[in-house]
There are 2 protein chains.
Amino acid sequence: MTRVAGRGGSPSAPRSADVAQLAGVSRKTVSRVLNNEPYVSDDVRRRVIEAAEKLGYRLNNAARALASGRTRSIGVVALGTAGYGTASLLVAIEKAVRDSGYALRVVNTLDGEPDDIARAVDSLLDQGVDGIIVSEPVIEGEVSVRVDVPVLFLGAPPAFGGPRAVTASVGADLLARAATDHLLDLGHQTVHHLAGPLRWYAARDRVEGWRAALAARGRHQPPLVEGDWSADSGYQAGRKLAADPEVTAVFVSGDDMAIGLIHALTEAGRRVPHDVSVIGFDGNPVFAHVTPPLTTVRQPFDAAAREGLRLLVHAIEKPDTHMPPASDPPVELVVRASTAPPPSSPS
Amino acid sequence: MTRVAGRGGSPSAPRSADVAQLAGVSRKTVSRVLNNEPYVSDDVRRRVIEAAEKLGYRLNNAARALASGRTRSIGVVALGTAGYGTASLLVAIEKAVRDSGYALRVVNTLDGEPDDIARAVDSLLDQGVDGIIVSEPVIEGEVSVRVDVPVLFLGAPPAFGGPRAVTASVGADLLARAATDHLLDLGHQTVHHLAGPLRWYAARDRVEGWRAALAARGRHQPPLVEGDWSADSGYQAGRKLAADPEVTAVFVSGDDMAIGLIHALTEAGRRVPHDVSVIGFDGNPVFAHVTPPLTTVRQPFDAAAREGLRLLVHAIEKPDTHMPPASDPPVELVVRASTAPPPSSPS
DNA sequence: CTGAAAGCGCTAACAC
DNA sequence: GTGTTAGCGCTTTCAG
């Protein structure tokens, strides 16, 4: 009862022994109740919970982690850019992690380079996490860290990553295909593509989807243009594309780039969508209010995060059992006014 | 040497005793070296570091936290919306936290309501953090959690929060004032304001700045309009404002809302900036590429986060010493093309 | 400058 | 159903 401050922590924070004493049980029983373990009588359970509440007891996570070998936390390596896509994905991940009963630790990388990712993973490992999510992996190089916890690669192929790696699709290829098909359905002979940096899996997946859509109808595949996700890079690309009269439809790998592209096109006298149709990628709602309102495909951030987390948690908690692979997330096309039939079309 | 797997963790992860043995020193000395404590000879230091590297030794954070009473981590309560502003702030916070040598734990709230914040703070406390950052506090209600670690309120007045609360300004009032002054300097008789939800401190601070700018020149203060940060709400507000011929200049409390507002204005036949000038708030670079390119003020996310963290870390590490309050972050006006002199002005 | 002993608060294994 | 015992791997205190 007359306990003075612990060596480091706040003065006289109650310990499980205090709860045990007040409830008239052993410490282990307190532990059982607080961990929702079976084989505790309802009466005892109630008493323990009441005692804990009365004391304002809070389980000490460090002690728990030390004793159990599990931190109950998951680390995410995110991209330190505040774009709508990456930010939405992080929000979705946070929710999925929290819903799974884990705590979330975040480390950002500047540009997702393998070295950066390795550093981030390393720092997560230092902190002690039960699992890691790499939210935007890049394709080049190898992440050179020995990892002994499961790692979820969101949107990367299974080949990438070491042992205990799991992957979940964000459905980028399907989304890209739907976007391209939308343009083709409108009557365009072919569709140009402004991609993200090809070092990114996200960018590559979308290129794949675009290629697949074109190939499925036997259409010509124009050379692709590469941007860096920014609106500025979209603008630069747009200036080039505007000079080519063959261009009547462009699928752009991100809403921001699409806005930059439209800017350049308009500036060059090519009206959108009258002369050139443009479809974006992400689904940022603000672009319903620009001129012209941007047609786009909405990324299923929540579904992808939830599904990925299901896999990761499974890998953490039941490493030996098998888990069916994730189903593809839904495709959602948001048709607004930046796409239309081609100019010469008998619409 | 023949140690089998610890009870929980990965098989035979090296412990400090292993490093100590290899380096021929005591465990305490290993601890000293790894914590950069003084009073270790360079020779010993080198030997320990080499041994640690050779073994791939990683300090066990749970044990360290348990023994020291410090987790070396900081928790942030963020807003679970993927807007440019909140996302940028989170990125800035992550960097500042990492640079300070702490790990970052994130809990999002849906809308920043006091209850939500209380829940989030509680979960952070459960996890065990040395300090907490509430990144977007709302004004109503009281956060009803007993907190025994320092809390940083970004952009909230000192009055808010319990003991050990520190606050840092994001300079919202100054920014708002600069935005309003810009419009006034252009020759507008007065400036209307589309605010964010007034439950937010962020929204209120901007209102203050707007009022102050108007008052300083003895201008009429039109009634303010309240949005919810979304472009849609900006559009709704714009439909109302468009009907009022007195409106020639609007300061909008967020870029997205400004885009929605411009949309509505344009739709109603009021040209921007010819008939009505609009200035946003945030500094999202994508809006340099819309029509018209949006004039805005850039929020100093990095400076605010850095400054706030300096204060928080100080409160954590040297609770008894005084720390000078933060200086105001810089004001950066980004003049593009959505603002111009008023229609009747003899420009 | 370095080491020995003690203990942080919890959970795992096993006994009852 | 419940209690006992023994650590998890580190830092702290204090002695040299």
Side-chain angles (χ1 to χ4, degrees), chain A residues 3-21 23-48 51-52 55-72 125-128 130, chain B residues 3-21 23-48 51-52 55-72 125-128 130:
Chain A
R3 197 166 73 88
V4 194
R7 254 180 303 166
S10 56
S12 67
R15 301 162 308 167
S16 74
D18 300 326
V19 177
Q21 187 179 343
V25 298
S26 75
R27 264 161 65 219
K28 175 59 203 175
T29 297
V30 173
S31 171
R32 281 204 185 86
V33 172
L34 267 27
N35 287 301
N36 274 317
E37 282 171 30
Y39 306 125
V40 181
S41 72
D42 287 350
D43 178 51
V44 167
R45 192 176 292 274
R46 199 178 32 68
R47 262 169 35 221
V48 168
L55 260 30
Y57 173 70
R58 234 179 249 286
L59 229 156
N60 180 322
N61 239 298
R64 171 145 82 166
L66 180 56
S68 68
R70 295 183 42 203
T71 63
R72 285 147 210 262
L125 256 18
D126 273 348
Q127 295 177 39
D130 295 343
Chain B
R3 197 166 73 89
V4 193
R7 255 181 302 167
S10 56
S12 65
R15 300 164 308 167
S16 74
D18 300 327
V19 177
Q21 187 179 345
V25 297
S26 73
R27 264 161 65 220
K28 175 58 204 173
T29 297
V30 173
S31 171
R32 280 204 186 84
V33 172
L34 266 28
N35 287 301
N36 272 315
E37 283 171 30
Y39 305 126
V40 180
S41 71
D42 287 350
D43 178 51
V44 168
R45 192 175 293 275
R46 198 178 34 67
R47 263 172 30 226
V48 169
L55 259 30
Y57 174 71
R58 232 180 251 286
L59 228 155
N60 179 322
N61 238 298
R64 171 147 79 167
L66 179 57
S68 68
R70 295 183 43 201
T71 63
R72 286 147 209 262
L125 256 17
D126 273 348
Q127 295 176 40
D130 295 344

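Convention: sequence-line order gives letters A, B, ...; per-chain numbering from 1.
- Between the P atom of D/dC10 and the CG atom of A/D126 lies a distance of 12 Å, rounded to the nearest Å.
- A/R32 places its CZ atom 14 Å from the C1' atom of C/dC10, with the value rounded to the nearest Å.
- Taking the side chain of A/R64 as heavy atoms from C-beta on, and the options D/dG3, D/dG9, C/dC10, the nearest nucleotide is C/dC10.
- As a whole-Å value, the separation of A/R27 CZ from C/dT11 C1' is 9 Å.
- Rounding to whole angstrom units, CG of residue B/N61 and P of D/dT11 are separated by 9 Å.
- For B/N36, there are no side chain to side chain donor-acceptor pair (under 3.5 Å) partners two or more places apart in sequence or in a different chain.
- Phosphate proximity of D/dC10 to B/Y57: present, with a side-chain N or O under 4.0 Å from OP1 or OP2.
- Listed nucleotides C/dT11, C/dA4, D/dT2 differ in distance to A/V44; the shortest reach to its side chain belongs to D/dT2.
- Here the side chains of A/D18 and A/R15 are in contact, with some heavy-atom distance below 4.5 Å.
- A search for side chain to side chain contact (heavy atoms under 4.5 Å, CB included) contacts involving A/R32 returns A/K28, A/T29, A/E37, A/V40, not counting sequence neighbours.
- Ranking C/dG9, D/dG3, D/dC10 by closeness to the A/L66 side chain, first place goes to C/dG9.
- Whole-Å rounding puts the B/Y39 OH to D/dA15 P distance at 18 Å.
- Remark: A/T29 is not in phosphate contact with D/dT2, judged by side-chain N or O atoms under 4.0 Å from OP1 or OP2.
- B/N60 has no side-chain polar atom (N or O) that falls below the 4.0 Å cut-off from OP1 or OP2 of D/dC8.
- Residue A/S68 places no side-chain N or O under 4.0 Å from the OP1 or OP2 atom of C/dC10.
- A close approach under 4.0 Å does not occur between any side-chain nitrogen or oxygen of A/S16 and OP1 or OP2 of C/dG9.
- Residue B/V40 is the one, among B/V40 and B/A63, whose nearest nucleotide of DNA chain C lies closer to the 5' end (criterion: closest heavy atom).
- Across all their heavy atoms, B/V48 and B/V19 have their closest contact at O-CG1, 3.9 Å.
- Look at CG on B/L34: it is 12 Å from C1' on D/dT11, rounded to the nearest Å.
- A donor-acceptor pair under 3.5 Å is formed between the side chain of A/N61 and the backbone N or O of B/D126.
- In this structure, the NZ atom of B/K28 is 18 Å from the P atom of D/dG16, given to the nearest Å.
- Rounded to a whole Å, the CD atom of A/Q21 is 13 Å from the P atom of D/dG3.
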